[in-house]
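Residues take their numbers from the sequence shown, with the count starting at 1.
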Amino acid sequence: MMQVSHNELVVLSAKAFDGLHRHCGESDMIANMVADLEMAGLNGVQHFVNALAFMKNENDGPVQVDAFTGSQLTANLHGCSILCHLPTLLDYTIEKLVDQPTITLHIEQCHNRWLAFGELVKLAGKGLSVKAQWYNGSDPKHVVYVLNAGYILPDIYLSTAEPTMNKHSLTIEISKTPIPQPAVTEHHQHISSTSLAAAKQHAWQHGVTVNKSDWLKIKQTAGGILVESSDASRLGAGESQPYV
């Protein structure tokens, strides 16, 4: 394990995304999505490493909303990570919220849904309440995330109950009024906003503890922004190129 600062995490994550040479997605925004999740103690670095593996091979093109019916929008990412597309989808969804009290964005066939955390937190800062839910496939659990307007961090509920939704989808309800917290049963694990705040405070004070192998994977991807040395660049400082 190793310690890194928030700034180091943001800078290297941005460079790693730039190293993929993608057209869709903004590196600064994506880097902050990674850092926001990690600072709250929710393994943002590990989720980002998994996302990098997806993004190396996935389609690199803008996503479109397939359907808009009443108060629901549906989009299909066709197996892509939410990292490159969620900010744009949320902006479009907020535009549709103007004339109604609530709206739901349903994203099908998407990956790396934990990394939505930072973008959803921003919505509460805009006076909106948010409920996100998905079925976590790698560690089978139904995840429910609730963050009401005016609060800084969400409450998260994990359930081992059988999923009632597609295993590769993400549903985000955005409302102008508070959203009730789900009932906690014996099947639930509750990650409170208080515990997330404590993890975040600890990270600011002591730095972020990350797995060294994960850090090196991100660093390796960041190396993709470097160019191979040319004959010209191999000339030492102060050496001039020969005239032709």
With distance as the sole criterion, is a donor-acceptor pair present between the side chains of [X] and [Y] under 3.5 Å?
X: Thr209; Y: Gln3; answer: yes
X: Tyr157; Y: Gln181; answer: yes
X: His142; Y: Gln133; answer: yes

Check whether any side-chain N or O of [X] sits under 3.5 Å from a backbone N or O of [Y] as a donor-acceptor pair, and report yes or no.
X: Asn112; Y: Ile82; value: no
X: Lys15; Y: Val10; value: no
X: Thr102; Y: Ile174; value: yes
X: Asn76; Y: His78; value: yes
X: Arg113; Y: Ser169; value: yes
X: Asn148; Y: Pro178; value: no
X: Asp18; Y: Ser27; value: no

Over all atoms of both residues, closest heavy-atom pair of Asp155 and Ser193: OD2-N, 3.4 Å
salt_bridge(Glu38, Lys200) N-O dist < 4.0 Å: no
